[in-house]
Amino acid sequence: MKRFLSLTELSLEEVTEVLALAHRLEARPEPTALAGKLLALLFFNPSLRTLASMQAAMTRLGGASFVISPGQGTWILETRQGAVMDGAAAEHVREAIPVLAGYADGMGIRSFAGGLELAEDLADTTFRGMADVCPVPLVNLESALDHPCQALGDWKTLDEMGVPPKGRFVLTWANHPKPLPLAVPAAVAHMAAARGMEVVILRPDSYALPPEVVQRARQTAATSGGSVRETSDPADALEGATALYAKSWASPRYYGNADAERELRVNLAGWCVDESWFSSAARDCRFYHCLPVRRNVVVADEVLDGPRSAVVRQAHNRLWAQMAVLHRLLGKRSEAV
């Protein structure tokens, strides 16, 4: 593995190996595996779990890291190709990224969707442009269309929870005060499809995922033995569900139009997961969310605080999954994982 930009770039065998390594590192730490190694972290957007878990992962493996947040004690960075830089940005990523990479052995970049042009975000234009000029091993810490670290940690969590590979995985849209990026739903739908699951995407009619996202998951399902379909009928989706994963995302129909989005959501307050959503699900169906989550908007307290919630375990598994990724990228290949 030379970079970790998307689970779509890994074979099932490679994912299985990385997950096995994550389990091994959790059980048998290797505190000197990355001794002397340095990771540069470039965060254009806020973070709690991703930043803390990446720094913790490097430290637990014996390495070190430094964090750059453009515009917060450092220059504002320009990301647009061909930009006339007569505004706030003092430096372009085409110089900044190679410079930072020269100080480190590997790099992680977090750069959210612009949220204005759907085609541009679906192409992951900004992140891919930065990846092209990064000369060291690179980890995607969430881009416009992907969040592979989240997806890998979620796969580990599903395995630990005993969720059957052929079970029904429901990815549901949930209410939120503002439109959110497509990165997590796209990454999670692909992850569940790669695991061989029956993926059901539950959403209001105006929130159908872009065809490109659904098709990517379906192509993966075709090789894994899984399936992917969309529905706006909760009763149909939740019947026999073995995993319920909630996440909000922007409406592709009104992408970049915040006022239209706001009107759409006025009558969607009922898309808040409460205990009644599990009435026809499998008895051991758990609730999953990438966090942060808005209580009593996305999910009710009774679910988050109850035995169904797996969100903290998901967050903890980010650490072990990312340790495995960094071990593969920056360490010596283990003889047996």
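Along the sequence shown, residues are numbered consecutively beginning with 1. It should be emphasised that the depicted structure is a prediction, and the values quoted were computed from it without experimental measurement.
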Kindly indicate, with the supporting measurements, whether the criterion salt bridge (Lys or Arg N to Asp or Glu O under 4.0 Å) is fulfilled by Glu198 and Lys166.
-> CA-CA 6 Å; Glu198 177 194 359; Lys166 299 300 181 183; over 6 Å; no
Under 3.5 Å, which donor-acceptor pairs do the side chains of residues 283-294 form with other protein atoms, sequence neighbours left out?
residue, atom, partner, partner atom, Å
Arg286, NH1, Pro307, O, 3.4
His289, ND1, Leu291, N, 2.8
Arg294, NE, His176, NE2, 3.4

Please name all residues satisfying side chain to side chain donor-acceptor pair (under 3.5 Å) with Glu212, sequence neighbours left out, ordered by chain then number.
-> none
List for me each residue that meets side chain to side chain donor-acceptor pair (under 3.5 Å) alongside Glu117, sequence neighbours excluded, and say none if there are none.
-> none
May I ask you to decide whether Arg328 forms a salt bridge with Glu17, counting only side-chain N to carboxylate O separations under 4.0 Å?
-> yes
Taking ILVMFWY side chains as joined if any heavy atoms are under 4.5 angstrom apart, and letting links pass through other members, which residues group with Phe112?
-> none
Under 3.5 Å side-chain donor-acceptor pair for [X] and [Y]:
X: Asp154; Y: Gln150; value: yes
X: Ser53; Y: Gln322; value: yes
X: Tyr255; Y: Asp121; value: yes
X: Arg318; Y: Thr50; value: yes

Quickly, which of Leu180, Val298, Val188 forms a side-chain contact (heavy atoms from CB on, under 4.5 Å) with Lys247? Name it, please.
-> Leu180
Which donor-acceptor pairs under 3.5 Å do side chains of residues 86-98 form with protein atoms, sequence neighbours excluded?
residue, atom, partner, partner atom, Å
His92, ND1, Arg94, N, 3.1
His92, NE2, Arg80, O, 2.7

In residues 133-141, what donor-acceptor pairs under 3.5 Å come from side-chain atoms, sequence neighbours left out?
residue, atom, partner, partner atom, Å
Asn140, OD1, Glu142, N, 2.8
Asn140, OD1, Ser143, N, 3.2
Asn140, ND2, Leu5, O, 3.1
Asn140, ND2, Ser143, OG, 3.1

